[in-house]
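Beneath this line is the structure, given in structure tokens, with notes to follow.
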Amino acid sequence: MSAEDRRAMIVHAVLPLLVEHGANVTSSQIARAAGIGEGTIFRAFKDKDELFDACTAEALRPDHVLDAIAEIPVDQPLEDRLVEAAEALGAHLERMGALMSALHASGRAKRDPEQRRGTWKGGRRESMTAIRGAMVELFTPEKDRLRLPPEQLAALFLTLLFGGRRLATDDAPTTRQVVDFFLHGAVEAG
């Protein structure tokens with residue numbers, strides 16, 4: 001196994017442990033989860049901070065959600081496409097939030113941004129641009145019947161979707177309700 005593959009394997013084994021234990025996860029737990037010896041961890045990463053940074057960078061990468069959105073069949077109704085995309089995006093946000101919460105709760109303070117290099121293609125802006133582009137693809141088959149260009153609708157949809165996650169309460173709307181509101185508005189047709 002190449003050094004890069006070994007690092008990736010360790011990161012994928014550690015991510016669930018970080019969500020469960022935060023930065024208090026032990027080298028022994030990491031080794032067991034990855035099926036390796038403890039020494040192998042520190043041959044792949046200079047210390048736990050470097051490993052945790054690699055895990056954070058992996059959790060922030062949008063590759064998985066971009067792949068999920070790309071797999072949504074564009075021949076199904078727009079509403080169903082948007083529900084699938086919203087659920088994939090919601091799961092992505094929940095995974096990121098769970099990891100960040102666990103790390104913060106276990107006392108691992110935010111590190112200097114200069115020490116957190118390695119995020120997906122340079123950072124948050126590029127990640128959001130890629131996600132918006134994937135959403136544009138879901139709107140494009142309907143472009144002749146849309147009131148706004150697919151690019152604007154993708155940006156509006158993401159704003160509505162992400163804004164609602166921050167304000168989630170017990171009576172928060174379901175994903176389908178958010179999509180229905182987005183597509184049909186607040187006023188009854190009449």
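Starting from 1, each residue takes its place in the sequence as its number.
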If you compare all heavy atoms of Leu89 against all heavy atoms of Leu161, which two are closest, and at what distance to 0.1 Å? CD1-CD2, 3.8 Å
What pairs of donor and acceptor atoms, side-chain ones from residues 131-144 against any protein atom, are under 3.5 angstrom apart with sequence neighbours left out?
unit_1 : atom_1 : unit_2 : atom_2 : d
Thr140 : OG1    : Val136 : O      : 2.7
Glu142 : OE1    : Arg145 : NE     : 2.7
Glu142 : OE1    : Arg145 : NH2    : 3.3
Glu142 : OE2    : Arg81  : NH2    : 2.4

Can you find a heavy atom in the side chain of Val25 that is under 4.5 Å from one in the side chain of Phe52? yes
Closest non-hydrogen atom pair, Leu153 against Phe182: O-CZ, 3.6 Å
Side-chain (Glu50) to main-chain (Lys46) donor-acceptor, under 3.5 angstrom: yes
Restricting to non-hydrogen atoms, name the atom on Leu18 and the atom on Ala102 that form the minimum distance, rounded to 0.1 Å. O-CB, 3.1 Å
Separation between CD (Gln152) and CZ (Arg147), nearest 0.5 Å, reads 11.0 Å
Show me the donor-acceptor pairs, under 3.5 Å and distance only, between side chains in residues 4-16 and residues at least two apart or in other chains.
unit_1 : atom_1 : unit_2 : atom_2 : d
Asp5   : OD2    : Ser2   : OG     : 3.2
Arg7   : NH1    : Ala44  : O      : 2.6

Of the non-hydrogen atoms in Leu99 and Cys55, which two are nearest, and what is the gap between them? CD2-O, 3.9 Å
If you define the side chain from C-beta out and look only at heavy atoms, does anything of Val179 sit under 4.5 Å from Phe157? yes
Quick one: OG1 on Thr175 to CD on Glu84, what's the gap to the nearest 0.5 Å? 11.5 Å
Value rounded to 0.5 Å, distance of CG in Asn24 from CG in Leu17: 12.0 Å
Shortest non-hydrogen contact between Ile41 and Ser27, atoms and distance: CD1-O, 3.4 Å
Supply the atom-to-atom distance Asp75 CG to Asp80 CG, rounded to the nearest 0.5 angstrom. 10.5 Å
Under the criterion side-chain contact (heavy atoms from CB on, under 4.5 Å), I'd like the reasoning laid out for Glu87 against Arg176: C-alpha separation, chi angles, the key distance, then a yes or no. CA-CA 9 Å; Glu87 288 174 350; Arg176 189 155 298 273; over 6 Å; no
For the student: nearest non-hydrogen atoms of His21 and Ser106, plus distance: O-CB, 4.1 Å
Quick one: are Gln177 and Asp180 in side-chain contact, heavy atoms under 4.5 Å? no
Summary of side-chain hydrogen bond (donor to acceptor under 3.5 Å, both in side chains) pairs that have at least one residue in residues 31-44, sequence neighbours excluded: Ser28-Arg32, Thr40-Arg43
